[in-house]
Amino acid sequence: MIILAVAQNTFREAVRDKVLYVLLFFSATAILSSKALGWISIGQDIKIVKDISLAAVALFGVLIAIFIGTNLIYKEVDKRTIYTIICQPMRRYEFILGKYLGLAGLLALVTGVMTIVASTYVLALGGTLDATFFMAAFLIYWELLLLTALAVLLSSVTSPILGAIIVFTVFMVGHATSILNELPDHISGAARAVMNGAYYILPNLSNFNIRAEAANGVVVAPSYVAWAIAYGAIYTTVLLVLASLAFEDKDV
Amino acid sequence: MNAITVTDLHKKYRSHLGRKPTYPVKGLSFTVAPNEVFGFLGRNGAGKTTTIKILCSLLRPTSGTASIRGVKAQSRAARRLIGYLPENPYFYEYLTPRETIDFYGRLRGFSRAAREEQWQSISDLLDLRPIAERRVRGFSKGMRQRLGFGVAMVGDPEVMILDEPMSGLDPVGRRQIRELIHLLKERGKTVFFSSHVLGDVEQICDRVGILVDGQLSTEGRVSDLLHRRVDRVEITVGGLKEPNAKSLAESASVEWRRSGAGDCFVVDGLDKANAFAQRILAAGGVLREFVPIKVTLEDVFMEEQEPAA
């Protein structure tokens with residue numbers, strides 16, 4: 001109940017954040033203008049619209065997770081609203097989980113709305129939608145949950161700017177982790193060890209990327225989706241445990 | 001069992017980027033009895049807020065212990081016993097007072113009915129009903145302070161910990177806070193609060209502790225602290241010639257000055273003043289005023305600061 005109270009409050013607060021509406025506006029604009037790129041790809045317009053729409057959902061979802069997520073705990077400390085909350089008879093991890101779930105709820109709403117906008121647009125253009133399209137949107141949301149957990153962890157230990165840089169870097173590198181494991185021979189020694197280490201530590205976000213399959217109407221096995229969900233759930237849980245531990249003894 | 005027990009408390013802030021570590025609290029020990037109003041005094045940076053934050057679980061002590069009714073201050077059980085009003089309290093700006101009180105009730109795990117009951121009693125007491133549906137954004141300092149008091153009272157805690165509750169308030173606001181503290185005492189609560197407004201502290205506290213440089217410099221009942229200082233008496237006299245007044249002052253080693261109202265003598269101690277008054281009368285003087293000068297808490301406070309100043 002305590003977690004739910006914090007989550008509902010976080011959701012209400014985030015919904016009032018002006019950044020959200022700016023990002024939603026640009027997201028909707030990107031989705032609706034995807035037809036322009038479709039025109040220069042003869043016969044491929046629906047495919048391009050689907051691809052760009054899902055990419056827009058992912059990109060703007062990540063920006064929301066970064067801008068709001070990395071501020072989530074930091075803002076409470078900075079604005080001192082945390083003083084009267086942490087002194088209540090609640091566990092500190094309940095606060096962290098509540099904040100996280102509040103933002104997760106917001107991201108569900110945002111990705112849901114953007115997916116509906118994209119779907120409606122595809123149908124309006126005469127295209128068809130299949131299960132893979134919605135699975136792709138769901139896995140984008142699942143990826144956002146993982147990145148939000150990272151943002152919350154960083155928000156409890158560092159400044160929003162540094163946190164945002166790290167989350168964005170993880171987002172970029174996380175979609176290309178295979179590069180870190182398939183290094184050319186001339187990279188050796190410490191650099192190779194660091195990159196190989198990063199390969200095992202950083203989340204492989206390409207596991208959540210079935211956008212190409214969705215755009216091309218390729219069927220994705222449910223077992224793969226289940227595996228990606230499990231992978232994200234484990235990673236997210238670990239990050240939230242770390243965030244709770246980091247916050248447990250933090251002086252506020 | 002004491003309401004608050006602090007024993008050999010230390011807090012060290014680690015150094016950053018080559019700066020020296022700081023020690024806002026250094027071996028602090030004190031107790032607060034149940035149903036006592038305890039004033040926690042000290043200059044800015046003396047360690048008051050750090051101590052309060054440790055009592056409220058916002059900070060972890062480096063060493064030493066702090067407990068509420070015998071329960072370790074860092075535990076959930078202790079937090080259930082306290083209500084905390086921070087200095088310049090901040091709340092979610094988009095919530096109304098009613099929603100704010102409800103939110104904190106939920107954090108304490110209360111049912112909807114219990115939260116409604118809390119709202120009724122707190123809003124009645126603090127006169128929050130006229131602003132019940134207004135958003136906290138745009139609230140004046142006094143309104144925020146009242147709401148902060150309301151939040152601290154959610155759950156009807158035994159021990160109220162108030163950090164500078166009168167800071168920045170106008171005389172009406174300060175009076176309201178004084179009355180609230182009196183009321184809490186009547187209801188059997190313990191009130192521990194820090195303040196710079198020494199006149200108010202003198203009026204409402206049973207005991208005070210004065211913190212200097214992270215350590216308790218003095219503590220005791222307000223009446224004891226004031227009485228253990230030597231009273232001074234200002235005696236205004238007429239009918240004496242200037243040489244007579246001067247020689248009387250010199251012979252008794254008292255301060256003397258001559259003004260339009262007559263000769264004014266300032267004598268240390270009530271007994272000495274009485275004896276001196278007899279000598280004045282014997283010398284043909286006429287007593288016009290005999291005014292004991294009371295020592296204020298401010299005098300005591302300033303005296304305690306001297307070693308640190």
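To find a chain, count down the sequence lines: A is the first, B the second, and so on, and within it residues start at 1.
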Identify every side-chain donor-acceptor pair in residues 192-200 of chain A under 3.5 Å, counting partners at least two apart or on other chains, and give the distances.
{"from": "Arg192(A)", "atom 1": "NH1", "to": "Pro184(A)", "atom 2": "O", "distance (Å)": "3.2"}
{"from": "Arg192(A)", "atom 1": "NH1", "to": "Ile187(A)", "atom 2": "O", "distance (Å)": "2.7"}
{"from": "Asn196(A)", "atom 1": "ND2", "to": "Arg192(A)", "atom 2": "O", "distance (Å)": "3.3"}

Please tabulate, for side-chain N and O atoms in residues 159-171 of chain A, each donor-acceptor pair with protein atoms closer than 3.5 Å (sequence neighbours left out).
{"from": "Ser159(A)", "atom 1": "OG", "to": "Leu162(A)", "atom 2": "N", "distance (Å)": "3.4"}
{"from": "Thr169(A)", "atom 1": "OG1", "to": "Ile165(A)", "atom 2": "O", "distance (Å)": "2.6"}

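The candidate from Ile86(A), Asp249(A), Thr84(A) with the greatest count of non-hydrogen atom pairs under 4.5 Å with chain B is Thr84(A). If you tally non-hydrogen atom pairs under 4.5 Å between each of Val151(B), Leu59(B), Leu85(B) and chain A, the highest count goes to Leu59(B). Between chain A and the residues Tyr94(B), Tyr90(B), Phe91(B), Tyr84(B), the most heavy-atom pairs under 4.5 angstrom are made by Tyr94(B).
Heavy-atom distances place the side chain of Glu99(B), and not its backbone, under 4.5 Å from chain A. For Arg16(A), the part sitting under 4.5 Å from any heavy atom of chain B is the side chain, from C-beta outward, and nothing else. For Leu95(B), the part lying near chain A is the side chain, with the backbone staying farther off; criterion is any non-hydrogen pair under 4.5 Å. For Glu76(A), the part lying near chain B is the side chain, with the backbone staying farther off; criterion is any non-hydrogen pair under 4.5 Å.
The contact list for residues 1-15 of chain A toward chain B, using heavy atoms and a distance under 4.5 Å, reads Met1(A), Ile2(A), Leu4(A), Ala5(A), Val6(A), Gln8(A), Asn9(A), Arg12(A), Glu13(A) by residue number.
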Go through the steps for Thr177(A) and Asn204(A) under the test side chain to side chain donor-acceptor pair (under 3.5 Å), then give the verdict.
CA-CA 6 Å; Thr177(A) 49; Asn204(A) 184 352; 3.2 Å; yes
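Pairs engaging residues 150-169 of chain B under the side-chain hydrogen bond (donor to acceptor under 3.5 Å, both in side chains) rule: Thr49(B)-Asp163(B), Arg69(B)-Glu158(B), Asp156(B)-Lys189(B), Asp163(B)-Ser194(B), Glu164(B)-His196(B) [sequence neighbours left out].
Asp200(B) and Arg174(B) are joined by a salt bridge, as a carboxylate oxygen and a charged side-chain nitrogen come within less than 4.0 angstrom of each other. Classification of Asp213(B) and Arg43(B) as a salt-bridged pair fails, no side-chain N sitting under 4.0 Å from a carboxylate O. We find that Arg98(B) and Glu116(B) are joined by a salt bridge, their nearest charged nitrogen and carboxylate oxygen being less than 4.0 Å apart.
Of the candidates Arg79(B), Gln74(B), Arg76(B), Lys72(B), Ser57(B) forms a side-chain hydrogen bond (donor to acceptor under 3.5 Å, both in side chains) with just one, namely Arg79(B).
Side-chain contact between Gln120(B) and Arg129(B): present, with at least one pair of heavy atoms (C-beta onward) separated by less than 4.5 Å.
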